[in-house]
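The structure under discussion appears below in the form of structure tokens.
Computed over heavy atoms, backbone and side chain alike; hydrogens, waters and symmetry mates excluded. All values reported here derive from a predicted model rather than from experimental measurement.
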Amino acid sequence: MDPRRLALIHGGTAGARHSVGTGYLIAPRLVLTARHVLVNRATGEPWPEIRVRVGHPCGGEAPSVRAELVWHHPQGVDVALLRVEEAADVGGSVRWGWPVGRAPLRYEGLCFPRATVGTTRDPEHLRGVLPPLSGSGEYYVLDQGPAPAVGADGEKAWGGASGAAVFCDDHLVGVVVRDDRLFANRRLRAVPARAFVEDSGFAAHLSGHPEGPPRLIGIGATPPKAGPADECPPAGRELAPLLRPLLADPVIRWAHARELARELGYETARYEPTVHDLAALLMAHPRALATLGGNLAASSADERVRAGLTDLLMRARILDGVSLLSTHEYDGLLDLLRGVCKEHPTLLPRAAREALRYAVLPESLTRPTVSDEDLGGLVEELEALSDSESVPEGTPPVPALLRLVEYVAAASAHGVAVRLRSWSDETARRLGIHLDALRERRVDASAWARRPTSPVSRVVMELKRDDSTSEELYRCRILLAGEDGSLTMLHDARTVPKTPEEAARCLWDTVAATAAEPGQEDHVPWVTVVVDRTELHLAVDEWQPDAADDIMPRQPLGAEYRVTLSCPAMTDYRPQRAQDQRRRWQHGPAQALVTDPDCRNGTQLVHLLQNGHRDSAQVVLNGPAEERENWLQICLAMGVPVVLWDRAAASYQDSERLHELRPAGRPDELPERVRAFRSGSFAYPSERAARPSLIWEQDGRYTAPEPLHFSDPRKGTHAP
């Protein structure tokens, strides 16, 4: 990159400048830039007045000369050539290149971004990394080091950088054409040089110059080298002594280092690293050490080498930036898990809840299903965890990831299970994990897979209003309650606040995933919404998730599921409530109190519930709307487990609107009758005015989701 070839470009009319961009002098009178810098966006035509200053301001202010557009790409690639009126006297020539391999390359460039505007527009030295594997190939992704923030006026801070030439290893490899705000303003995109230098029109403009037509040279990243000993990071200093016994022979070390460098995407010609150079390479890539370990394990049967390798990998696991899996192991596992998630979307979270019951699971495993997009990050999080179970003395702990793979294999079809266990065997062998330790996890997994799965009878969602904002946002946690009494937390309190629509989608996804789990068959879960006593008015049954597709119309939760409310926290205010609730379920499940105009206040309601309806398990709460909140809390405090009311009712005169529900009928059929009523109301809104709400407390068996707490590993999470 030659600063003397930097060009500042202005486009506009004779009376005003309208656009600013950057260019690079690639021949005495030719400037390469981005086409959109030269074009009036409103008309699509080039600006009638284009002026260029060639040279870095540090070399003195260059004169502004006229220029004309002489070439743009026929296929619409955003690049162009300008011919300036006067040739610039700049020695040297431009070399062209294109990144090869997979390793990120250092890049640099010069540009005139809007963020540098003061009394003049100053140049900015672009520098960062170009990751060849990012993007689709249509653009290079440039991860910029220093980056400006978006201005207070909202204008693009990078405006004016378009057209900047991008260099890797002093070869021009691309042209900046736009920025990407989604990456905190630190990402630019560039058109690759290979997209335009071979165009016949472009080549024709350069054919008469001494440089001749451009020739592209492959540019590959070279492996990092160790710096001075006092600048070596602590991890590198710890790694070098562990490597030396294994790779003391330079010939063997160079062979393995070259193979590793090739796998990581580096140029390996004449790569003959010292032990410290190799340590620098291993610390530059999280998977490099595991990849080297795999190569060493495959090429040596010497038990001393195997023991030294195991020791190396055990010690290296505590170093920052070192991953458990090699590139081959990581890619292979992702391929296997993608197939598992496609066939059985709920299996991975379900297996993790059992296999890793003492670990704090990654957030993606607390959801009912794992998406393909989450798999890469999920595996990376699990790589750092151990399963905490015992292993033979002197051998490495079993990684949590391998334990989880064994559980997934145990619950998978035979062919998939064979491939997963083969992956597990090979990875364990490379890590030096004792065969007995892996076999023990495999036996545990098989025993778990053989146990019958209890169907989920309820999906419990706890809602809490987020008081930190005026918006209607809720924090929600979701619990699966099995018929066998098991409780499984899916979402904890750390999840971000959700709108009613987002909470409804979260619940809908959970119920849909639950229906697909083994053993569920025709069991349709019952949705219990846990609220505080001040939130009993919430019409959660009317919340609608966004449409999952363009076929099925949106519908409220209450039209599809039995949705009832619960308020377990009321027991905190009146401890004897739990005892009263059990009594009412035991003695009065068929008894109902239907309030009428004779009940005019809370005192009279208490009298009825203490005397003639002391054992009634059900209350149909008619009456004035202004009394409803107080009466609801009285019913709950006195242990009434089933309460039905009409949210839209204003007075006793509206009580007949609930008659269709047969509210005093069998209580066990009431939730389904309410669901059918809600479905009909949604389908035919003009025919029904009632908006029924139903509280249903299931004899204390389905409580609010509990916060995370530690358990004694010797007893297990299900211990009393």
Side-chain angles (χ1 to χ4, degrees), residues 1 6-9 19-24 32-37 41 73 76-80 97-117 121-196 219-221 224 264-266 284-287 321 372-377 380:
M1 181 181 69
L6 175 65
L8 174 62
I9 301 171
S19 71
V20 180
T22 303
Y24 194 80
L32 175 67
T33 187
R35 183 179 185 274
H36 74 263
V37 171
R41 293 185 179 181
H73 199 282
V77 178
D78 191 9
V79 288
W98 61 289
V100 296
R102 300 183 301 171
L105 290 159
R106 303 300 303 179
Y107 78 86
E108 63 175 342
L110 290 168
C111 67
F112 292 96
R114 188 177 185 275
T116 65
V117 173
R121 186 177 284 246
D122 296 330
E124 173 70 17
H125 190 167
L126 300 176
R127 55 207 185 274
V129 293
L130 186 159
L133 296 184
S134 291
S136 62
E138 183 180 357
Y139 296 100
Y140 289 140
V141 169
L142 308 177
D143 291 324
Q144 170 68 7
V150 177
D153 56 4
E155 292 291 332
K156 285 190 172 185
W158 284 115
S162 291
V166 180
F167 290 84
C168 292
D169 194 24
D170 211 27
H171 287 70
L172 200 160
V173 299
V175 176
V176 173
V177 292
R178 64 185 176 92
D179 63 347
D180 195 336
R181 292 196 190 187
L182 293 178
F183 289 82
N185 230 38
R186 290 190 172 277
R187 176 163 284 189
L188 301 172
R189 294 184 183 267
V191 171
R194 56 180 168 78
F196 58 85
I219 307 297
L264 297 176
Y266 286 106
H285 295 269
R287 302 201 181 280
D372 188 72
E373 294 78 12
D374 290 332
L375 275 176
E380 290 173 7

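Here NE2 of His36 is found 6.0 Å from CZ of Arg41. Values are rounded to the nearest 0.5 Å. Interatomic distance, CG of Asp374 versus CG of Asp372, reported as 9.0 Å (0.5 Å rounding). Atom CE of residue Met1 and atom CG of residue Leu6 lie 9.0 Å apart, to the nearest 0.5 angstrom. The structure places CZ of Arg194 at 7.0 Å from CH2 of Trp98, a figure rounded to the nearest 0.5 Å. Distance check: Leu105 CG to Phe167 CZ gives 14.5 Å after rounding to the nearest 0.5 Å. Here the straight-line distance linking atom SG of Cys168 with atom CD1 of Ile219 works out to 7.5 Å at 0.5 Å rounding.
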Could you give me the CA-CA distance, side-chain angles and deciding distance for Val173 and Tyr107, then say whether side-chain contact (heavy atoms from CB on, under 4.5 Å) is met? CA-CA 9 Å; Val173 299; Tyr107 78 86; 6.0 Å; no
Please lay out, stage by stage, how Val191 and Tyr139 fare under the test side-chain contact (heavy atoms from CB on, under 4.5 Å). CA-CA 5 Å; Val191 171; Tyr139 296 100; 4.1 Å; yes
Ring pair (Phe, Tyr, Trp, His ring centres under 6.0 Å) assessment of Tyr266 paired with His285: CA-CA 12 Å; Tyr266 286 106; His285 295 269; 5.3 Å; yes
Asp179 vs Arg189, side-chain contact (heavy atoms from CB on, under 4.5 Å): CA-CA, chis, key distance, verdict: CA-CA 6 Å; Asp179 63 347; Arg189 294 184 183 267; over 6 Å; no
Working note: Val166 + Leu142, criterion side-chain contact (heavy atoms from CB on, under 4.5 Å); need CA distance, chi angles, decisive distance, verdict. CA-CA 9 Å; Val166 180; Leu142 308 177; 3.8 Å; yes
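Scanning all heavy atoms of the two residues, the minimum distance from Val175 to Ala34 falls at CG1-N, 4.2 Å. Here the closest heavy-atom approach between residue Pro132 and residue Pro104 is recorded as CD-CA, 3.8 Å. Shown here for Val77 and Ala195, the closest heavy-atom pair between the two residues is CG2-O, 4.4 Å. Closest approach of His125 to Gln144, counting heavy atoms only: O-NE2, 4.2 Å. Shortest non-hydrogen contact noted between Ala157 and Pro113 is O-CB, 3.6 Å. Smallest separation of non-hydrogen atoms from Thr33 and Thr22: OG1-O, 2.7 Å.
Trp158 has its side chain out of reach of Asp180: every pair of non-hydrogen atoms, C-beta onward, lies at least 4.5 Å apart.
Applying the salt bridge (charged side-chain N to carboxylate O under 4.0 Å, His left out) test between Asp143 and each of Arg186, Arg127, Arg187, Arg106 identifies Arg187 as the sole match.
Checked by atom type and distance alone, the side chain of Ser162 never pairs as donor or acceptor with a backbone atom of Gly21 at under 3.5 Å. Checked by atom type and distance alone, the side chain of Asp78 pairs as donor or acceptor with a backbone atom of Arg35 at under 3.5 Å.
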